[in-house]
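Each chain gets a letter, A, B and so on, in the order its sequence line appears, and its residues count up from 1.
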Amino acid sequence: MTTKRRHVHALSDTQCKPVLKKNREPETSLLTEEHNANISKYFQSVRVRLRSDFYNQACIELAKSFLGQVLVRMLPDGTELCGRIVETEAYLGGDDEASHSRGGKRTKRNVAMYMTAGTVYVYQIYGIYFCMNVSSQGDGAAVLLRSLEPLEGLDVMRKFRNVRRRDLSKSLKHAELCNGPSKLCQALNLDKNYDRKDLSDGQDIWMEAGKKIQEEDIVSCARIGIANAGEWTKKPLRFYIKGNKYVSVRDKSAEASMISVLPRVF
DNA sequence: CATCTGATGTGCT
DNA sequence: GCACATCAGATGA
């Protein structure tokens, strides 16, 4: 097998720029057959990093636009962990009673929500877990990343995810690695150190352009785990790729109420 | 499959 | 003191 060189050419899309890789010799390359297959299946023809214009969308639009994009984490040794975003939630700030930034509340913890669109907001939950958000356009608005479809670096993800497990006799399945907001953070080894990082120029975390998910393939439903937010508890601010097996929780009634088109496999 | 419970630390009232 | 944008393991159907 030979390593394909990625050809970088001029892009009209101002939201993307080519991802430049250095020292990618065949012997030391991280590219695998699995990886190359994933490029054609999930990425655009070349890997391009999402830029600040992409993140500068209204919260709900960004939450939907993230579906299909690829989150990339590079470890200190150069290993890349990649996953396609398949589930998100919008936290609008302001009137949104479920948001940490409700009523314009600004604290030491949540300042990243008010920073430039594309800024990572990581917070600790239940003392032991972390959740990763990305700030959007709008004051205090951010998008929670809830689930990824693991694409690359699965063995390393499994190693990170096993840290908290007692019974290691059963290996975590592909679909169990990143199907939840804190599982995703464990798998990519993300913690408070990533709070306030800018995805558009991050050195060890960024996003790359994947394939656009059409509106008819997006399920909109209530967010998870926000019981005490009044009318905001039930608002359809969670989004996931319809029929995708890497989603954390499916909402059967929301799926049933969608206009049915031809069945599609992702 | 559904439902329950304990773990565990921090931010905020 | 209490709530918390969760998860793993256990139990029962």
Just checking [X]: base, sugar-phosphate only, or nothing, at a heavy-atom cut-off of under 4.0 Å?
X	result
A/Arg164	nothing
A/Leu144	base
A/Arg102	nothing

Measure [atom1]/[X] against [atom2]/[N] and give the value in whole Å, please.
X	N	atom1	atom2	result
A/Phe160	C/dC7	CZ	P	18 Å
A/Glu176	C/dG9	CD	P	10 Å
A/Glu89	C/dT6	CD	P	7 Å
A/Arg158	C/dA8	CZ	C1'	17 Å
A/Arg109	C/dA5	CZ	C1'	10 Å
A/Arg161	C/dC7	CZ	P	8 Å
A/His100	B/dT10	NE2	P	16 Å
A/Leu92	C/dA5	CG	C1'	13 Å

> Taking side chain as C-beta onward, heavy atoms only, is A/Leu71 less than 4.5 Å from A/Arg73?
Replying inline: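 Side chain of A/Leu71 against side chain of A/Arg73, heavy atoms only: no contact under 4.5 Å found.
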> Hey, are the side chains of A/Glu255 and A/Tyr240 touching, using non-hydrogen atoms and a 4.5 Å cut-off?
Replying inline: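 A side-chain contact under 4.5 Å exists here.
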When you check the phosphate oxygens OP1 and OP2 of [N], does a side-chain N or O of [X] lie under 4.0 Å from one of them?
X	N	answer
A/Lys108	B/dC12	no
A/Arg238	C/dA5	no
A/Asn228	C/dC4	yes
A/Ser182	C/dA5	no

> So which nucleotide from C/dA8, B/dT13, C/dT6 ends up closest to the side chain of A/Lys105?
Replying inline: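 Shortest atom-to-atom distance from the side chain points to B/dT13.
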> Between C/dC7, B/dT13, B/dG11, which nucleotide gets closest to the side-chain atoms of A/Pro181?
Replying inline: C/dC7
> Can you find a side-chain donor-acceptor pair between A/Ser253 and A/Asp251 that sits under 3.5 Å?
Replying inline: yes
>> Testing the 3.5 Å rule here: is there a donor-acceptor pair between the side chains of A/Asp204 and A/Tyr194?
In response: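 Looking only at side-chain atoms, A/Tyr194 and A/Asp204 do form a donor-acceptor pair, the distance falling under 3.5 Å.
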>> When you measure from the centre of the six-membered ring of A/Tyr246, is the NZ or CZ of A/Arg84 closer than 6.0 Å and no more than 45° off the axis?
In response: no
> Contacts to DNA chain B from residues 117-138 of chain A, heavy-atom cutoff under 4.0 Å, which residues?
Replying inline: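 Only A/Gln124, A/Tyr126, A/Gly127, A/Ile128 qualify.
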> Got a second to check how far A/Gln69's CD is from A/Thr88's OG1, nearest 0.5 Å?
Replying inline: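 OG1 of A/Thr88 is found 11.0 Å from CD of A/Gln69.
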> Can any side-chain N or O of A/Arg238 pair as donor or acceptor with the backbone N or O of A/Ala222 at less than 3.5 Å?
Replying inline: yes
> Can a salt bridge be assigned to the pair A/Glu176 and A/Lys170 using a cut-off of 4.0 Å between side-chain N and carboxylate O?
Replying inline: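 The answer is no: the pair does not qualify as a salt bridge.
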> Given that A/Asp167 and A/Ile226 both sit by DNA chain C, which one's nearest nucleotide is further toward the 5' end?
Replying inline: A/Ile226
> Taking a pair as Watson-Crick or G-U wobble with both distances under 3.5 Å, which nucleotide is matched to C/dG12?
Replying inline: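 With both distances under 3.5 Å, C/dG12 matches B/dC1.
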